[in-house]
Amino acid sequence: MTGTDYRALDARYYMPAFGRERMLVKGEGARVWDDEGNEFIDCVAGIAVCSTGHCHPHVVEAICRQAARLIHCSNLYYVPGQAELAERLVHHTGMAKAFFSNSGAEANEGAIKLARLATGRQRFVAFEHGFHGRTMGSLAVTHKPAIREPFEPLEPRCDFVAYGDLEGLKSVINSKTAGVFVEPVQGEAGIITPPNEFFAGVRDLCDDAGALMIVDEVQSGMGRTGTWLAIQQTGVSPDIVSLAKGIASGFPMGAIVAREGLEFTRSQHGSTFAGGPLACAAAHATLDVIEEVLPMVRAKGERFRSALSRFDPRVRGLMIGISVGDRCGDVAAACAADGVLVNCAADGNLRLVPPLVITDEEIDRACVVLGRALDG
Ligand SMILES: *Cc1c(COP(=O)(O)O)cnc(C)c1O
C-alpha cells in the first residue's frame with residue numbers, strides 16, 4: 001500500500017482526533033525511519049515514552065521471551081515479575097507500595113480513588129496548564145479548558161490555581177480537599193518549572209489541610225530529569241506518585257506508588273490487563289537499561305543546554321523546552337525536513353524529550369539542525 005493510499009484509508013475509517021502527517025515504520029536507538037526511508041534523530045521518543053531508545057535489544061529480548069512463555073493470566077493469579085517490579089519501583093522512588101495500570105490517565109484515576117478512600121473527602125486542587133490525562137476523572141483535574149470543558153460536568157470537583165502560586169493554593173485548599181495534583185515539571189505545557197520552594201510549600205499546605213500531595217511524574221519520572229523522580233530533586237516526599245510513559249519502553253503500562261499506609265485493600269480497585277506478565281517483563285528490562293544510563297542523563301541535558309544556549313532553553317535533564325511562539329509548527333517542520341523530530345507542546349513551546357540513550361554525537365547533530373531551524 002502506498003503512503004497516499006494509507007492516508008486515505010485512515011481518513012475513511014479512523015476517527016480524526018489526531019493531526020498527523022508522517023508515518024514511522026522502524027526505529028533503533030535514538031533513530032527512526034519513516035515509510036519513505038527518511039532517517040531522523042528522534043527527540044519526541046513517542047512522547048517521552050521510548051526512554052531506552054527504539055527496540056533496545058534487551059527490551060525486545062525480554063518481551064519475546066515472556067511472550068513465548070505467558071502473555072496474560074489476569075490479576076486473579078500472582079503475575080510473574082509483578083511483585084519484583086513493585087519492589088524495584090518502591091526502592092527507586094522511596095515509596096512503600098505500588099499498583100499497576102495501563103496508562104498515565106489510568107494511574108491518575110487510581111490516585112484519585114486512593115485519595116478519596118484515604119481521606120473520605122471528594123474535592124481536588126490542580127494547577128493551571130497542568131495535564132493529567134483524558135479519561136473522565138483525570139480530565140477533571142486537567143486544566144486546559146479546550147479539552148476539558150466540552151465534557152463538563154466532570155467528577156471529581158477540582159479548583160485550579162496558577163502554577164507556583166502558594167497563596168492561591170492556600171485560598172482554595174480546605175477540609176474538603178482529598179488531594180492536590182501537581183507535576184514537578186509541566187510537560188504538556190512546554191517544560192515549565194516553578195522554584196523548588198514551591199513544592200515544599202505545597203507539602204506544608206497539604207499537611208495543614210489533611211490533603212494528599214499527588215505528584216504526577218507520568219512524563220518527568222523514570223529517570224527523565226536525571227533522577228528517578230523529578231520531585232526527588234526538591235527534597236519533598238509526596239503521598240502518591242503516578243508514573244507511566246517511560247516505564248516500559250512503549251509497552252503500555254502505568255503505576256502509582258504510595259507512601260506507607262496508603263493502599264487499596266481487597267476489591268477496592270482492579271484491572272484485567274494492568275501489570276500483566278508482558279508489561280512487567282518490558283518494565284524490568286527498561287529498568288535495567290535506565291539503571292545503567294541514569295548517571296549520564298544530566299550531562300546529556302547540559303550538552304543540549306550549551307549547544308542551544310542562545311535560544312534560552314529550559315533544561316531539566318532530558319526534558320527541554322524552548323519558547324518559540326507562533327512559528328513553533330514551522331520550526332518543527334523545518335527540523336523534520338532536516339532529519340530531527342521535535343514537537344510543539346502548548347503555547348508555542350518546542351519540546352525535546354529524546355531517548356535517555358541518545359549519544360553525544362546525536363545530540364550535537366540534533367542541535368545543529370535545531371539551531372538552523374530556529375535561526376531561519
Ligand atoms: C501523558 C501524560 C498523562 C497521561 O498519560 P496517558 O498514558 O496518555 O493516559 C498524564 N500526566 C502527564 C504529566 C502526562 O504527561
Side-chain angles (χ1 to χ4, degrees), residues 17-18 20 43-51 93 99-115 124-144 147-148 151 154 156 158 160 163 179-194 199 202 213-225 228-231 238 240-257 271 273-276 279 282-283 286 314 316-321 343-347 349 351-354 356:
F18 305 101
R20 49 192 173 190
C43 293
V44 176
I47 316 184
V49 166
C50 310
S51 292
T93 59
F99 196 83
F100 295 111
S101 63
N102 299 289
S103 68
E106 196 190 324
N108 286 327
E109 296 290 334
I112 290 168
K113 286 178 72 174
L114 189 54
F124 287 81
V125 181
F127 294 95
E128 290 174 7
H129 306 290
F131 183 83
H132 303 292
R134 291 171 178 271
T135 57
M136 294 301 267
S138 65
L139 189 59
V141 295
T142 287
H143 173 250
K144 197 176 183 181
I147 67 170
R148 177 172 41 82
F151 302 99
L154 287 162
C158 185
F160 294 99
Y163 193 46
V180 175
F181 269 89
V182 62
E183 289 166 88
V185 181
Q186 285 190 334
E188 296 307 298
I191 319 302
I192 311 292
T193 32
F199 297 99
V202 173
M213 181 174 178
I214 303 163
V215 172
D216 183 337
E217 297 246 15
V218 167
Q219 191 162 157
S220 58
M222 302 310 295
R224 169 82 22 211
T225 69
W228 285 98
L229 303 178
I231 198 73
I240 303 174
V241 176
S242 52
L243 297 164
K245 291 194 166 89
I247 201 171
S249 298
F251 199 96
M253 181 178 235
I256 49 174
V257 285
S271 164
F273 290 119
T286 300
R314 298 179 296 280
R316 297 291 308 271
L318 285 172
M319 283 182 106
I320 298 148
N343 90 317
C344 294
D347 305 322
N349 285 306
R351 169 175 52 183
L352 281 69
V353 281
L356 307 186

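Counting convention: from 1, in listed order, for ligands and their atoms alike.
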With heavy-atom distances below 4.0 Å as the criterion, list the atoms of ligand 1 near [X].
X: Ser103; answer: 7 (O), 9 (O)
X: His132; answer: 10 (C), 11 (N)
X: Ala105; answer: 4 (C), 5 (O), 6 (P), 9 (O)

Short N/O distance, under 3.5 Å, between Phe131 and ligand 1?
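There is such a contact, yes.
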Is there any N or O on Asp216 that sits under 3.5 Å from an N or O of ligand 1?
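Yes: some nitrogen or oxygen of Asp216 is under 3.5 Å from one in ligand 1.
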Less than 4.0 Å from atom 9 (O) of ligand 1, is there any heavy atom belonging to the protein?
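Yes.
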Counterpart residues, side chain to side chain contact (heavy atoms under 4.5 Å, CB included), relative to Ala189 (two or more places apart)
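So Ala189 forms a side chain to side chain contact (heavy atoms under 4.5 Å, CB included) with His129, Gln186, Ile192.
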Would you mind finding which of Ala48, Ala345, Ser220, Gly104 brings a heavy atom closest to atom 5 (O) of ligand 1?
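It is Gly104 that holds the nearest heavy atom.
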Which of the listed options, Gln219, Lys245, Met253, holds the heavy atom that is closest to atom 1 (C) of ligand 1?
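Shortest heavy-atom distance from atom 1 (C) of ligand 1: Lys245.
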For the residue pair Phe181 and Ile112, establish whether any side-chain heavy-atom pair is separated by less than 4.5 Å.
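Yes, close enough: below the 4.5 Å cut-off.
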Looking at side-chain heavy atoms only, is the closest gap between Ile256 and Leu243 below 4.5 Å?
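A side-chain contact is absent here, since even the closest heavy-atom pair is not under 4.5 Å.
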Atom pairs and distances, donor-acceptor, side-chain atoms in residues 102-110, under 3.5 Å, two or more places apart:
unit_1, atom_1, unit_2, atom_2, d
Asn102, ND2, Glu106, OE1, 3.0
Asn102, ND2, Ser271, OG, 3.4
Ser103, OG, Glu106, N, 3.1
Glu106, OE1, Asn102, N, 3.2
Asn108, OD1, Ser242, OG, 2.7
Asn108, ND2, His132, O, 2.8
Asn108, ND2, Asp216, OD2, 3.0
Glu109, OE2, Thr135, OG1, 2.4
Glu109, OE2, Gly137, N, 3.0
Glu109, OE2, Ser138, N, 2.8

Side-chain donor-acceptor pair present, Ser249, Thr286, cut-off under 3.5 Å
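Judged by distance alone, the side chains do pair up.
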Hey, is Glu183 touching ligand 1 through its side chain, its backbone, both or neither, going by heavy atoms under 4.0 Å?
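It is the side chain that gets close, since no backbone atom is under 4.0 Å.
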Side-chain ion pair, Glu188 and Arg351, N-O less than 4.0 Å
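Looking at Arg351 together with Glu188, the answer is yes, because their closest N to O distance falls below 4.0 Å.
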Quick one, Val44 with Asn343, criterion side chain to side chain contact (heavy atoms under 4.5 Å, CB included). Give me CA distance, side-chain angles, the key distance, then yes/no.
CA-CA 6 Å; Val44 176; Asn343 90 317; 4.2 Å; yes
